[in-house]
Protein chains: 2
Amino acid sequence: MTEQELLRELLQAGDEQEKMSEKKVKILEAAIEMFSEKGYAATSTSEIARKAGVAEGTIFRHYKTKKDLLMAIVTPVLTRVVAPFLARDFAQKVFEDDYQSYENFIRALIRNRFDFVKKHLPMIKIFLQELAFHPEIKEQYRHIFVEHVYDKFRKIVSHFQQKGEIIELPPETVIRMTITTIVGYLITRFLVLPERDWDDDVEIEHTIQFLMHGLSRRKE
Amino acid sequence: MTEQELLRELLQAGDEQEKMSEKKVKILEAAIEMFSEKGYAATSTSEIARKAGVAEGTIFRHYKTKKDLLMAIVTPVLTRVVAPFLARDFAQKVFEDDYQSYENFIRALIRNRFDFVKKHLPMIKIFLQELAFHPEIKEQYRHIFVEHVYDKFRKIVSHFQQKGEIIELPPETVIRMTITTIVGYLITRFLVLPERDWDDDVEIEHTIQFLMHGLSRRKE
DNA sequence: TTGTAAAGTGAGTAATCACTCGCTTTTTTC
DNA sequence: GAAAAAAGCGAGTGATTACTCACTTTACAA
């Protein structure tokens, strides 16, 4: 699968899969690169057109406004970020002991999210940046999280709390710590210190151990 | 101490304390508000002038360029973020058992940073946003961190590792987990879910317990 | 009080902005 | 293969941009 096919597939997530023209893909690639490097507001449509090798009018043929172009990039990220939780059988699998422990659940989650961030870093950068300034993006995110992630996550936490594997704190606190630890690792790894030579397998394992000990039942 | 005096003091950090004119303070206040709400690139100097109740020319009387204005806001944040580590006697105090444990050290740190973030949230938002797009800011940050924070932090970690309080992971991993946990909590608290009604004392204590258990010596 | 430097002003400037529109070229449909 | 639709083009639009500059007002030292 080529880079272009991969991008095409990701960006079409949700849409009826119409074929995208060559130039439309070029526009998206150029926009993603420039938005992630200079920021959305600081990137002009003429720059995007130049980098994409396309007339400026062509951009507005495909996207009514510059903001539409941003949303076309950001929306698929939104759904993919929480993708693991969207699978219909996801919570089921957890309860039916596909992952015998919270630890294995976390391990699968962190590995999965690691690959995702590694593959789509520029889009994720744009998403994180613009989240702060566009209330609709934040609202979409909030909606998806509340609707598709929070409830399932809460049930998983409760499940392993009852099994005695993790501590009896409020579920939202446990969820916060889990997400914070994973996201904190990924942001450090890919945004804060990307140039350091990481031993990813070791670091992921340390992170999992840290999280599991932090969440383990306290024994006196 | 009024809000204005407080702002004045913070923004003058480092400079020889020249008196700032009324209008200069107004400009800074307006710029901080707008930059944090709309972003640096999306805010025009004319908007800032209007909000500050000042002619546009007055902005450029005090700051040569719009970017100079940004740097005047962001630079003091940089030093204040790491302020606790800048104190000359800081590491000394830790070793001489002012904080008898890593836990107490962390507790003091998190409480201190909590107050700082709460007080200067808009400036911190601007700082975090623009860090991504201005290499000089990132370089300044890297420099201060490497020069003034990392070494002291590393010594503190080693100290408590030798005392057997915390686990014998590589110090940079322990530092990463500590910072990640604290920053993750503060970002969740003030940026991701600021509208939730937090019981801050409880949440801070849970966070400390999570961190300390995550970092504790594993006992078989 | 007067002289001077700093602070403040706002109309003006060239460049750039997101976006439009009449047109040509390419692709799809029957 | 002709007609229709979609994609692509680029000069042109009015609005806005960061910044300048000649000028006026204010602050303060001698």
Side-chain angles (χ1 to χ4, degrees), chain A residues 4 7-8 11-12 15-35 37-74 126 129-130 133-134 136, chain B residues 4 7-8 11-12 15-35 37-74 126 129-130 133-134 136:
Chain A
Q4 286 216 352
L7 186 71
R8 222 177 278 220
L11 291 170
Q12 279 173 354
D15 299 15
E16 328 78 62
Q17 65 267 54
E18 18 150 352
K19 51 196 161 186
M20 277 170 117
S21 77
E22 191 73 21
K23 303 240 164 182
K24 192 170 180 180
V25 175
K26 286 279 184 198
I27 290 169
L28 280 169
E29 289 176 337
I32 290 170
E33 188 179 333
M34 308 229 48
F35 285 168
E37 274 173 21
K38 306 183 46 179
Y40 167 74
T43 303
S44 70
T45 48
S46 66
E47 285 176 290
I48 296 170
R50 190 167 357 108
K51 169 151 281 186
V54 148
E56 204 172 344
T58 308
I59 293 177
F60 292 95
R61 169 83 44 203
H62 292 288
Y63 304 97
K64 281 202 294 208
T65 62
K66 188 187 167 190
K67 176 122 184 211
D68 271 20
L69 175 55
L70 173 66
M71 296 307 286
I73 293 170
V74 146
I126 298 168
Q129 281 288 334
E130 299 309 319
F133 303 129
H134 307 272
E136 337 88 67
Chain B
Q4 286 216 353
L7 186 71
R8 221 176 279 220
L11 290 171
Q12 278 172 354
D15 298 16
E16 326 78 61
Q17 66 266 54
E18 20 151 348
K19 51 197 162 187
M20 275 170 119
S21 78
E22 192 73 24
K23 304 239 165 181
K24 191 171 180 180
V25 175
K26 285 278 184 201
I27 290 168
L28 280 169
E29 288 176 338
I32 289 171
E33 189 179 332
M34 309 230 47
F35 285 167
E37 274 174 22
K38 307 184 46 179
Y40 166 73
T43 303
S44 70
T45 49
S46 67
E47 285 177 290
I48 296 169
R50 191 168 356 109
K51 169 150 281 185
V54 147
E56 202 172 344
T58 308
I59 294 177
F60 293 96
R61 170 83 41 205
H62 291 288
Y63 304 97
K64 280 202 296 206
T65 63
K66 188 186 166 192
K67 177 119 184 214
D68 270 21
L69 175 55
L70 172 66
M71 297 306 288
I73 293 169
V74 147
I126 299 168
Q129 281 287 333
E130 299 309 320
F133 302 129
H134 307 272
E136 339 84 68

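This one's a predicted model, so the numbers in the text were calculated from it and none came from an experiment.
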Inset, instruction - First locate atom CD of A/Gln129, then atom CG of A/Leu70, and finally report the distance between them rounded to the nearest 0.5 Å. - result: 11.5 Å
Looking only at heavy atoms, what is the nearest atom pair of [X] and [Y], with distance?
X: A/Ala41; Y: B/Ala41; result: CB-CB, 3.8 Å
X: A/Ala30; Y: A/Ile48; result: CB-O, 3.8 Å
X: B/Ile73; Y: B/Ala31; result: CD1-CB, 3.8 Å

Rounded to whole Å, please give me the gap between [atom1] in [X] and [atom2] in [N].
X: A/Lys66; N: C/dC17; atom1: NZ; atom2: C1'; result: 9 Å
X: B/Met20; N: D/dA27; atom1: CE; atom2: C1'; result: 18 Å
X: A/Leu70; N: C/dA18; atom1: CG; atom2: C1'; result: 14 Å
X: B/Leu69; N: D/dA18; atom1: CG; atom2: P; result: 11 Å
X: B/Ile59; N: D/dT17; atom1: CD1; atom2: P; result: 12 Å
X: B/Tyr63; N: D/dT20; atom1: OH; atom2: P; result: 16 Å

Inset, instruction - Output all residues satisfying ring-ring contact (aromatic ring centres under 6.0 Å, His included) with A/Phe35, sequence neighbours left out; order by chain, then residue number. - result: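 Once residues adjacent in sequence are excluded, the partners of A/Phe35 under the ring-ring contact (aromatic ring centres under 6.0 Å, His included) criterion are A/Tyr40.
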Inset, instruction - Enter the inter-axis angle for the ends of the helix from C/dT1-D/dA30 to C/dC30-D/dG1 (five pairs per end, rounded to 10°). - result: 20°
Using the side-chain hydrogen bond (donor to acceptor under 3.5 Å, both in side chains) criterion, which residues pair with [X]? Sequence neighbours excluded.
X: B/Lys51; value: B/Glu33
X: A/Thr45; value: A/Glu56
X: B/Ser44; value: B/Ser46, B/Glu47

Inset, instruction - Taking only heavy atoms on the protein side, list every residue of residues 38-48 of chain A lying under 4.0 Å from any atom of DNA chain C, sorted numerically. - result: A/Thr43, A/Ser44, A/Thr45, A/Ser46
Inset, instruction - Can you tell me which residue pairs pass the salt bridge (Lys or Arg N to Asp or Glu O under 4.0 Å) test with a partner in residues 63-72 of chain A, sequence neighbours excluded? - result: A/Lys67-A/Glu136
Inset, instruction - Walk me through it: do A/Leu28 and A/Met20 pass the test side chain to side chain contact (heavy atoms under 4.5 Å, CB included)? - result: CA-CA 11 Å; A/Leu28 280 169; A/Met20 277 170 117; 3.0 Å; yes
Legend entry - Of all pairs that satisfy ring pair (Phe, Tyr, Trp, His ring centres under 6.0 Å), the ones with a partner from residues 43-71 of chain B, not counting sequence neighbours: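 Those involving residues 43-71 of chain B do not exist here.
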Which atom pairs link the protein and nucleotides 7-10 of chain D when you take only N or O atoms and keep those under 3.5 Å?
unit_1, atom_1, unit_2, atom_2, d
D/dG8, OP1, A/Ser21, OG, 3.4
D/dG8, OP2, A/Ser21, OG, 3.4
D/dG8, OP2, A/His62, NE2, 2.5
D/dG8, N7, A/Arg61, NE, 3.0
D/dG8, N7, A/Arg61, NH2, 3.4
D/dG8, O6, A/Arg61, NH2, 2.5
D/dC9, OP1, A/Lys23, NZ, 3.0
D/dC9, OP2, A/Ala55, N, 3.0
D/dC9, OP2, A/Thr58, OG1, 2.9
D/dC9, N4, A/Arg61, NH2, 3.3

